[in-house]
Amino acid sequence: MKIIQTPEAMRVWSDEQRRQGHSIGFAPTMGALHEGHLSLIRAAARENDVAVASIFVNPAQFAPTEDYDQYPRPFDDDIAKIEAEHVHTVYAPTAADMYAEGYATYVHVEKVSQGLCGASRPHFFRGVATVVAKLFNAVKPHRAYFGQKDAQQCAVIRRMVRDLDMGVEIVEMPIVREPDGLAMSSRNEYLTAEDREKALCLSRAVRCGETVLRNGERNARVVIDAVRDLMREVTVDYVEVVDAETMAPVEIVERPVTLVVAAFLPTARLIDNIKFDPGEQQT
Ligand code: PAF
């Protein structure tokens with residue numbers, strides 16, 4: 001396993017791969033890897049000549065009140081899981097490697113990062129966009145793989161890549177769920193048994209919303225009300241039907257949308273979503 005720590009060393013490796021004509025697939029992570037992450041790493045390895053996974057718990061995307069210090073960091077286990085996927089290059093910079101003394105540059109993606117998670121975590125997407133831009137500059141991937149569970153994050157990154165002419169293909173991979181439907185998340189390990197049981201209402205609620213949409217309902221308010229009804233056990237942060245690209249709320253479903261939900265449990269804040277394309281359903 002080759003563990004690369006500095007942006008300079010990462011760029012040297014990537015430049016050499018590109019010089020040899022190899023396509024580079026990249027799966028950025030914050031570690032604490034579960035099947036969701038492994039699906040990204042597998043796709044990066046399958047669809048490219050070489051693949052890189054990164055492990056970096058990014059301080060810039062945590063508010064001072066959030067769980068940066070507690071965030072799980074099972075580094076050796078993560079390395080073993082990546083190696084088991086036959087990916088042999090990991091980029092694992094330290095916070096000091098990424099944000100040197102005097103660091104002052106941030107990427108702010110307007111509009112798409114406002115609202116939803118951006119409303120309850122105002123610092124979050126600035127931190128994500130900044131670190132992903134920095135990771136792309138070091139890894140120089142042809143394709144980068146992100147999970148659909150973080151639908152707004154995917155939309156923010158796609159917008160940033162287009163706006164800043166980064167030339168990286170963004171591949172969004174489907175949500176990976178536990179057998180009982182809970183969307184996989186590194187933060188699920190914070191849940192008590194009681195909270196985990198309650199958390200199941202998120203996946204039940206988005207499945208219900210999907211059924212309502214598939215049955216022909218096009219009024220977003222009706223869908224939202226049906227979904228909220230199933231989330232009474234948790235403190236809802238938001239339930240919205242949004243344009244799949246801009247993440248702006250829609251009233252009538254006439255183009256691809258994402259039904260997004262977020263809820264606070266005593267031990268974690270969780271998100272889930274489903275995508276729905278009315279055009280696809282008609283064909
Ligand atoms: O989705 C994540 O794990 C993180 O937000 C990411 C994209 C690795 C940036 O830190």
Side-chain angles (χ1 to χ4, degrees), residues 4 7 10 25-44 51-63 66-75 77-78 81-82 87 89-95 97-99 103 105-109 112-113 116-118 120-139 141 143-161 164 166 168-176 183-190 247 260 262 268-273:
I4 300 175
M10 190 68 242
F26 177 40
T29 83
M30 297 208 301
L33 302 181
H34 52 63
E35 268 303 311
H37 298 114
L38 297 180
S39 74
L40 312 182
I41 293 169
R42 260 174 227 138
V52 181
S54 66
I55 299 176
F56 178 61
V57 184
N58 173 33
Q61 68 191 73
F62 290 77
E66 290 183 343
D67 56 343
Y68 176 69
D69 290 333
Q70 293 87 49
Y71 199 84
R73 291 168 170 83
F75 189 74
D77 285 1
D78 286 343
K81 287 179 185 171
I82 295 168
V87 169
T89 307
V90 168
Y91 180 38
T94 64
D97 293 318
M98 290 295 266
Y99 301 107
Y103 189 88
T105 305
Y106 293 89
V107 180
H108 173 63
V109 182
V112 63
S113 62
L116 308 176
C117 291
S120 48
R121 305 180 71 191
H123 52 279
F124 178 66
F125 289 117
R126 181 179 100 136
V128 168
T130 301
V131 82
V132 171
K134 286 172 65 63
L135 291 168
F136 283 1
N137 282 339
V139 176
R143 294 189 191 86
Y145 296 77
F146 294 86
Q148 183 200 316
K149 186 174 79 69
D150 300 296
Q152 192 176 10
Q153 170 171 283
C154 289
V156 167
I157 290 166
R158 274 197 301 267
R159 185 76 257 167
M160 173 184 79
V161 165
L164 298 184
M166 288 178 162
V168 178
E169 183 187 336
I170 302 302
V171 184
E172 189 171 325
M173 299 295 291
I175 297 178
V176 179
M184 287 195 184
S185 161
S186 304
R187 288 190 170 97
N188 288 351
E189 68 179 62
Y190 297 157
M247 301 307 278
V260 288
R269 178 180 173 280
L270 300 180
I271 56 175
D272 204 338
N273 69 78

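Residues take their numbers from the sequence shown, with the count starting at 1. Read the numbers this way: they start at 1 and go in the same order the structure lists the ligands and their atoms.
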- Please step through side chain to side chain contact (heavy atoms under 4.5 Å, CB included) for the pair Ser185 and Lys149, ending with a clear verdict. CA-CA 9 Å; Ser185 161; Lys149 186 174 79 69; 3.9 Å; yes
- Taking ring pair (Phe, Tyr, Trp, His ring centres under 6.0 Å) as the test, write out the residues that go with Tyr68, two or more places apart. Phe62
- Can you name the residues that form a side-chain hydrogen bond (donor to acceptor under 3.5 Å, both in side chains) with Thr105, not counting sequence neighbours? none
- Is the shortest heavy-atom distance from the side chain of Val161 to the side chain of Val132 under 4.5 Å? no
- Can we say Glu35 and Arg42 salt-bridge, meaning some charged N sits less than 4.0 Å from an Asp/Glu carboxylate O? yes
Would you tabulate the polar-atom pairs, meaning N/O of ligand 1 against N/O of the protein, with distances under 3.5 Å, reported to 0.1 Å?
residue  : atom   : partner : partner atom : Å
ligand 1 : 1 (O)  : Gln153  : NE2          : 2.8
ligand 1 : 5 (O)  : Gln61   : NE2          : 3.0
ligand 1 : 5 (O)  : Gln153  : OE1          : 2.7
ligand 1 : 10 (O) : Gln61   : OE1          : 2.7

- Task: Could you list all the side-chain hydrogen bond (donor to acceptor under 3.5 Å, both in side chains) pairs where at least one residue sits in residues 125-139, not counting sequence neighbours?
- Result: none
